[in-house]
Amino acid sequence: MTGGLAAALLPVVEKSGAIWVGSSGRVRDGAHKDLFPQIESLGAGAIALLDLPAAHYGGYYEGFANSALWPALHSRPDLIRVSNEDYKSYREVNAFMARALLRFRKPDTAFWIQDYHFLALGAELRELDVRQPIGFFLHTPWPAASVINGVPNHRELIGAMLAYDLIGFQTEDDCENFAEYLRSELGLDVDDGVVTSSYGTSRLAAFPIGIDVDAFAQYAARAASHPDVSRLRMSLHGEKLAIGVDRVDYSKGLVNRISAFDRLFTMQPQLKRAVSLLQIATPSRGAIEAYGNLQAELSKLVTDVNGRHGEVDWAPIRYLSKGFSQTVLAGFYRTAQVGVVTPFYDGMNLVAKEYVAAQNPADPGVLVLSKFAGAANELDTALLVNPHDVDSLARAISTALTMPASERRMRWEAMMVKLRAGTIQQWFADFVDALEEAHTLGDKKLVAAVKPVYGPTVRPLYSVGAGR
């Protein structure tokens, strides 16, 4: 895994005893009625992998989740491309997962739903008479009400979210944007983070996600002798290195980042052969038009910049379309004098935190961080930048390259204090405690009326209890 959410959550599952239920990445057709999850132990916990229904997977994942919700949540309503059939598939998969989750229900079970793929899963669980605590955490931003209004069926979908006892966000701004939507669009009162709907009460709160700081620092120290890390160091020949690690996504600001290095070498040609960018950019969602277009644009841009500034034995941009293990990434981070994390809009961005945690305390690198990433609220001694301003971004990278060691250490130490105060373990404990407290505010009502009807008959895809 190339950093990020999955890598952050797996150690928590391993130590907490939780069961993480998710997609196997495979699909099955409706002829397979007796589907069981593939369960693998992971320390004290387990991973349960479930095949999703083939008839609805495309409309659910590439359709509504990533061609409607993702662009809207990242304030790009202009990229919404979705049909009513996609929304139906999204709801069908949420209902399917709810039935599958019943297999794991015990009297003391609490359900914690992760991310925008399952906004309606809590409502589906309530309809199946689940009265236990159900929480939800959104890993992306939540935009202004005027943006989320561009999502088809937004009132029905967000109304269904109020089946959760607790709805968690990365930042206070995200939380307030959601509350404002409830006020302006659904006419609901939000009092001190608590909203009352036909489901009962729901609490809204911010829980900034962290990382396992000590573990990542240990990865970085161990990685020094890894062959990939050693080869990278040897290839530098004394030059400095900047690093970016991202999925290929229009929210990550990759075009502007590479353009900033183009601008940097134009403004300061003496930096040629003195610094290069290692950009690890793993492809994703290639079947979606916007992503295919971005991949092509990035490939052309990297070729143009390398052709303009490169030499026969040196390239300013090292662009890799493959992932690396957490250990190798930590070694890359420690090797790089500058970490460049410049999304246009990001819920948190754990790569920023991983870069800081991986640094050598005696000689730390500098983090150049978008002020529009949730991480900027905590890592405020990074060099905060506007990723839309390419010239300013180029100047910030130049500043990072020439920053004195004393200032680098001061900034790094301040960020480490924030990271140690907000680890992934603390995030997990805080959310679980808040979920239990929110659940005690009152039992959730079971409201079948919110379930959409997609025609004269809604037939379950699988028998109750089958699946995840």
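What you are looking at is a predicted structure, and each value in this text was computed from that prediction instead of being measured.
Between His56 and Phe96, the ring centre distance reaches or exceeds 6.0 Å. The aromatic ring centroids of Phe178 and Tyr181 lie 6.0 Å or more from each other.
Listed by chain and number, the residues in a side-chain contact (heavy atoms from CB on, under 4.5 Å) with Gln132 are Arg105, Thr109, Phe111, Val130 (sequence neighbours excluded). Ser230 is linked by a side-chain contact (heavy atoms from CB on, under 4.5 Å) to Arg233, counting only residues two or more places apart in sequence or in another chain.
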Show me the donor-acceptor pairs within less than 3.5 Å that the side chains of residues 137-144 make with the rest of the protein, sequence neighbours left out.
unit_1	atom_1	unit_2	atom_2	d
His139	NE2	Gln114	OE1	2.6

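Ion pairing of Arg99 with Glu124 is absent here, as no side-chain N (NZ or NE/NH1/NH2) approaches a carboxylate O to less than 4.0 Å. The residues Asp108 and Lys106 are annotated as not salt-bridged, no charged nitrogen and carboxylate oxygen being separated by less than 4.0 angstrom. In summary, Arg28 and Asp51 engage in a salt bridge, as defined by a charged side-chain N under 4.0 Å from a carboxylate O. Using a 4.0 Å cut-off between charged side-chain N and carboxylate O, Glu378 and Lys353 make a salt bridge.
Side-chain contact check for Ile167 versus Val195: every heavy-atom pair is 4.5 Å or farther apart. In this structure, the side chains of Tyr333 and Tyr219 stay at 4.5 Å or more apart for every pair of heavy atoms. For the pair Ile148 and Leu73, the minimum side-chain heavy-atom distance is below 4.5 Å. In this structure, Val229 and Thr327 have side chains that are not in contact, with every pair of non-hydrogen atoms separated by 4.5 Å or more. Using a 4.5 Å cut-off on side-chain heavy atoms (C-beta onward), Leu9 and Trp427 make contact. When side chains are defined from C-beta on, Arg285 counts as touching Tyr61, because their heavy atoms get closer than 4.5 Å.
A cation-pi contact, defined as under 6.0 Å to the ring centre and within 45° of the axis, is absent between Arg126 and Tyr199.
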Asp249/Ser251 under side-chain hydrogen bond (donor to acceptor under 3.5 Å, both in side chains): CA gap, chis, key distance, verdict:
CA-CA 5 Å; Asp249 192 282; Ser251 70; 2.8 Å; yes
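One N or O on the side chain of Asn94 and one on the backbone of Ala120 form a donor-acceptor pair closer than 3.5 Å.
Ring geometry for Phe324 against Phe332 counts as perpendicular: the plane angle is over 60°, on a 0 to 90° scale with 30° as the lower cut.
Contact detail for His117 and Ala65: the closest heavy-atom pair is CD2-CB, 4.4 Å.
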